[in-house]
Amino acid sequence: MIDDITLSNITKRGVKEIISETEFVELLNSGRKLRLKMGFDPSRPDIHLGHVVGLRKLKQLQDLGHQVILIVGDWTAQIGDPSGQSITRPMLTHDQVKNNAESYLKQFFRVVDQEKTEVVWQSEWFGDFKLSDVITLTSKFTVAQFLERDDFAHRFKEHKPIAITEFLYPLLQAYDSVAIESDVEFGGTDQMFNLLVGRTLQQLNGMKPQQCFLMPILVGTDGVNKMSKSLDNYISLDETPDDMYGKIMSLPDDCITNYFELLTDIPLTELKIMESSLPDNAMNYKKLLAHTITLDFFDKQIANDSQNNFENVIQNKGIPANIPIYNLIDNTDNLDIGNILLASNIVTSNSELKRLLKQNAVQIINPDGSTEDIRTTTSAINLTSGTVIKIGKRRYLKIV
RNA sequence: GGAGCGGUGGGAGAGUGGUUAAAUCCACCAGACUGUAAAUCUGGCGUCCGGAAGGACUACGUUGGUUCGAAUCCAACCCGCUCCA
């Protein structure tokens, strides 16, 4: 038997819904090593913090001795996620899929225990699929059943397109559950329909239906919409530690507790206390949050450095430790400050440069610490080794 | 087979002959303020030339055409969608 605190951490925290919870708890208590299914679509290899919520859940269960089966959706990737609007999606070559999968796995195992994970490819079973198998599979469901799905129902009503292949998507995903004999499948709430089809299909194949673990949606850095790459409000695992820390600091204050709950192990009792004093300590709590999460993906030294960097650069308006460098010796021809910025790709066009100058965003920091604002590229500027050019709050270029 | 609709800037989405480098929103950038790269406010947000005023070029699926002038009209084409059968 699992103790109550652990159990509630698993079934309550960072979970939207479990179907069905009682069956799931029974399974947990059965002492059997459970097969936890998680699939991903190799057309989008990036993992961001939104995904991490679910991955942490997998890790928790692994720590109790269960087995993760990670499915590389090399077939479903070609169909595209029905919840997305863009139907047209270029078919990926085998090499692209492979590369994407590798990149995904690398990130995946930063959260999930590789030792307790089995990676399988959909093509292992769909590769041999024949038309007759497809027909058998499709014959199990009706159009009406599929139109039950919110997304389909909505689009159907609005006279918006639904590709036939999109109907196939849940079927393939469901069949994965049959193929790997999953006990539990994990997904976001938008995956509910697909996971439930898996349940049904397993039953139709004489198996015990899987439990469905629905993860809550994490809001993105805008504090409003769900974290997603297409909304550009995501924090990727590929972020540099400084950026990861900084992006977390850029979250609206009222996201803090939610992030603590979904992405850290801070006890809920502590979180309660924190919540009550949040308005007065938002800054400190957010720093703690940023540090805690950064620490999950990097070592302690790096997390500390990121915090120092933030305090130094943002709070004290200092110069960050690692900034791009422009070497005067290699580039003797044109010492115009505009050319230097353009050549270093700090600024992407002349027009942008002019705008920045006009907006008073360009500043020279001399080696002796004195500063001067630059309003025009033609003013006489003494660029010597050790000078730093600062653009806005976050762009720097050091002259050597 | 028939009928209709649509393709606009990073995204969403207006605009149906000139005042449109193209409303608005989101994202993004800068400035102010601040406890943060929070919030709020202000400004900006194609490229090139110019100190600036301003000018030039490129852009609204593609190619042609009408016109002094086209994202806007016409033709053909390409792509997509919906409905009826």
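Residue numbers start from 1 in every chain, and the chains themselves are labelled A, B, ... in the order their sequence lines are given, proteins ahead of strands.
Between the P atoms of B/A27 and B/A12, the separation comes to 15 Å (whole Å). Of the C1' atoms belonging to B/G9 and B/C45, the separation is 11 Å, rounded to the nearest Å. Annotation: B/U8 and B/G4 have their P atoms spaced 23 Å apart (nearest Å). Nucleotides B/G13 and B/U19 are separated by 23 Å at their C1' atoms, to the nearest Å. Separating the C1' atom of B/U63 from that of B/C78 is a span of 10 Å, rounded to the nearest Å. On the C1' atoms, B/A22 is 10 Å away from B/A14, given to the nearest whole Å. Rounded to whole Å, the separation between the P atoms of B/U47 and B/G10 comes to 11 Å. Distance check on atom C1': B/G11 versus B/G17 gives 29 Å, rounded to whole Å.
Checking A/K59 against A/Q62 by side-chain atom types alone, no donor-acceptor pair falls below 3.5 Å. In summary, the side chains of A/S182 and A/Q210 do present a donor paired with an acceptor at a separation below 3.5 Å, with no hydrogens or angles considered.
The CG-C1' distance, from A/N233 to B/C25, rounds to 16 Å in whole Å. When the C1' atom of B/A30 is taken as reference, atom CZ of A/R375 falls 11 Å away, rounded to whole Å. As rounded to whole Å, 16 Å separates atom C1' of B/C28 from atom CD1 of A/I391. Following rounding to the nearest Å, A/Y234 (OH) and B/C28 (P) show an atom-to-atom distance of 12 Å. Atom pair A/K358:NZ and B/A30:C1' shows a separation of 13 Å (rounding to whole Å applied).
Taking the six-membered ring for Trp and thresholds of 30 and 60 degrees, A/Y245 and A/F310 have ring planes inclined between 30 and 60 degrees apart.
Between A/D151 atom CG and A/F193 atom CZ the span is 10.0 Å, to the nearest 0.5 Å.
Within residues 298-306 of chain A, no residue has a heavy atom under 4.0 Å from RNA chain B.
For A/F24 and A/F213, the ring centers sit closer than 6.0 Å to each other. Checked against the 6.0 Å centroid criterion, the rings of A/F40 and A/F108 do not qualify as a close aromatic pair.
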Verdict with supporting geometry, A/F260 and A/Y285, ring pair (Phe, Tyr, Trp, His ring centres under 6.0 Å): CA-CA 9 Å; A/F260 265 119; A/Y285 288 153; 7.2 Å; no

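Residues meeting the ring pair (Phe, Tyr, Trp, His ring centres under 6.0 Å) test with A/F297, sequence neighbours left out: none.
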Give the B/S/- string for nucleotides 34-43 of chain B, one per nucleotide from 5' to 3', where a protein heavy atom under 4.0 Å of the base yields B, of only the sugar-phosphate yields S, and otherwise -. BBBBS----B

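Within the 4.5 Å cutoff, side-chain heavy atoms of A/W125 are placed close to those of A/V120.
Closest to the side chain of A/R355, out of B/G46, B/A30, B/C48, is B/G46.
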